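This one's a predicted model, so the numbers in the text were calculated from it and none came from an experiment.
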Amino acid sequence: MVGSAGLRFAVGTLSVFPVRVDRVDREVAGHAMVLAPVVGLALGVVSCLPLLLPGSGLLEAALALGLLAVLTRGLHLDGLADLADGLGSGKPAAQALDIMKKSDIGPFGVVTLVFTLLVQCAALAQAGPAALVTACVTGRLALTWACADGVPSARPGGLGDMVAGTVRRRTALLVTLAVVAVAGIAGVVLSRVALPIAVVAGLGAAMALLHHARRRLGGVTGDVLGALVETATTAVLVVCAAIG
């Protein structure tokens, strides 16, 4: 079934969880991007384990983010650094894309990574487990929208080209409404009114970056997708820390 193949593709692509991926095509990729928030939920729950340890909030937050990086192979952080180098270069699209393909990380990438992780860690230390789970789900919800029809690939080949334009916008909207609704229910149960607001804010931040990347690069790449995940994640944690 395409649905189960899509879930395996999503898990295998977005996490280190061992799954057998026996079908890879654009139809399956589209289902995978629709189900990406489900993978985000699993990642968020597992990553919260260090937050249950006794100790300072900052140390627990650092361990939780480290675990999340391990569970995702650090791919999204790598994408964020590569996109920062590409956009920060100020070069035309073709040259910026070449810079992003290089295996090394330049100064823009290093600064962006350090700043992002510092902000995430500080915010998570205040915001707590519910915020981390919400952030992980919202980060993967950004992928659903980044792969909506009408969003082109910036270059042929690679993950970006495989998933670009594979999700119907109506489906993306329905998934978003479901995520916001669940976050709202969780917010009521946990007395955390910020959760649904943070989902909207996180998705908005990611879509702003997507707009900029499309304007500068002509579309999405795997690096752009990774950067969107980290952008949404960071925005959610900051909003949850600020509002409570």
Q) Atom CG of Leu59 and atom CG of Leu53: how far apart are they, to the nearest 0.5 Å? A) 8.0 Å

(Q) To the nearest 0.5 Å, what is the distance between CG on Asp82 and CG on Leu113? (A) 9.0 Å

Q: Please check if Val188 and Val193 belong to a single hydrophobic cluster, counting links between Ile, Leu, Val, Met, Phe, Trp and Tyr side chain heavy atoms closer than 4.5 Å.
A: no

Q) Does any N or O in the side chain of Arg26 come within less than 3.5 Å of the main-chain N or O of Ala164, such that one atom is a donor and the other an acceptor? A) yes

(Q) On a heavy-atom basis, which atom in Thr116 and which in Thr112 lie closest, and how many Å separate them? (A) OG1-O, 2.7 Å

(Q) For Gly219, is there any backbone N or O sitting under 3.5 Å from a side-chain donor or acceptor partner on Arg155? (A) no

Q.
Applying a strict under-4.5 Å side-chain criterion to I, L, V, M, F, W and Y, I'd like to know whether Val180 and Ile185 cluster together.
A. no

Distance-only donor-acceptor pairs under 3.5 Å for side chains of residues 237-244, two or more places apart:
none

Q. So which pairs with a foot in residues 175-203 pass side chain to side chain donor-acceptor pair (under 3.5 Å), sequence neighbours left out?
A. Trp145-Thr176

**Q.** Pair listing, salt bridge (charged side-chain N to carboxylate O under 4.0 Å, His left out) test, anchored in residues 129-150, at least two apart
**A.** Asp149-Arg169

Q. Are Val199 and Leu173 connected in a single hydrophobic cluster, I mean Ile/Leu/Val/Met/Phe/Trp/Tyr linked by side-chain heavy atoms less than 4.5 Å apart?
A. yes

Q) Out of curiosity, Leu63 CG to Leu58 CG, how far, rounded to the nearest 0.5 Å? A) 10.0 Å

Q. Applying side chain to side chain donor-acceptor pair (under 3.5 Å), which residue pairs with at least one partner in residues 84-111 are found, sequence neighbours left out?
A. none

(Q) Does any part of the side chain of Leu71, heavy atoms only, come nearer than 4.5 Å to the side chain of Phe17, both counted from C-beta? (A) yes

Q. Do Phe9 and Val229 belong together in a cluster built from hydrophobic side chains that touch within less than 4.5 Å?
A. yes

Q | Smallest separation among heavy atoms of Leu14 and Ala36, with atom names | A | CD1-CB, 3.7 Å

Q) If you round to the nearest 0.5 Å, how far is CG of Leu210 from CG of Leu203? A) 10.0 Å

Q) Tell me the side chain to side chain donor-acceptor pair (under 3.5 Å) pairs involving residues 199-211, sequence neighbours left out? A) none

Q | 4.5 Å side-chain heavy-atom contact, Leu209 and Leu83 | A | yes

Q) Which distance, rounded to the nearest 0.5 Å, do you find between the CZ of Arg168 and the CG of Leu174? A) 11.5 Å

Q: For the pair His212 (side chain) and Ala208 (backbone), establish whether a donor and an acceptor sit closer than 3.5 Å, ignoring hydrogens and angles.
A: no

**Q.** Closest approach of Leu195 to Ala183 (non-hydrogen atoms, all atoms of both residues)
**A.** CB-O, 3.7 Å

Q) Are any side-chain N or O atoms of Thr13 and backbone N or O atoms of Ala10, one a donor and one an acceptor, separated by less than 3.5 Å? A) no

Q. Would you call Ser153 and Met162 a side-chain contact if the rule is heavy atoms closer than 4.5 Å?
A. no

Q: Determine the sole option in Val151, Val34, Val175 for which the side-chain contact (heavy atoms from CB on, under 4.5 Å) test with Val167 is passed.
A: Val34

Taking only distance into account, with no hydrogens and no angle test, what donor-acceptor pairs under 3.5 Å do side-chain atoms of residues 119-135 form with protein atoms, sequence neighbours excluded?
from   : atom 1 : to     : atom 2 : distance (Å)
Gln120 : NE2    : Glu230 : OE1    : 3.0
Gln120 : NE2    : Thr234 : OG1    : 2.8
Thr134 : OG1    : Ala130 : O      : 2.8

Q: Spell out, yes or no, whether Val137 and Val11 are grouped together once hydrophobic residues are joined by side-chain heavy atoms under 4.5 Å, including indirect joins.
A: yes

**Q.** Ser47 to Leu67 - nearest heavy-atom pair and separation
**A.** CA-CD2, 3.8 Å

Q. What heavy-atom pair brings Pro37 and Val179 nearest, and what distance separates the two atoms?
A. CB-CG2, 4.4 Å

Q | Rounded distance (nearest 0.5 Å) linking atom OG1 of Thr166 with atom CE of Met33 | A | 7.0 Å

Q: Considering non-hydrogen atoms only, spot the tightest contact between Leu228 and Ala206 and give its length.
A: CD2-O, 3.1 Å

Q: Run through Leu217, Leu159, Asp78 and flag the one making a side-chain contact (heavy atoms from CB on, under 4.5 Å) with Asp223.
A: Asp78

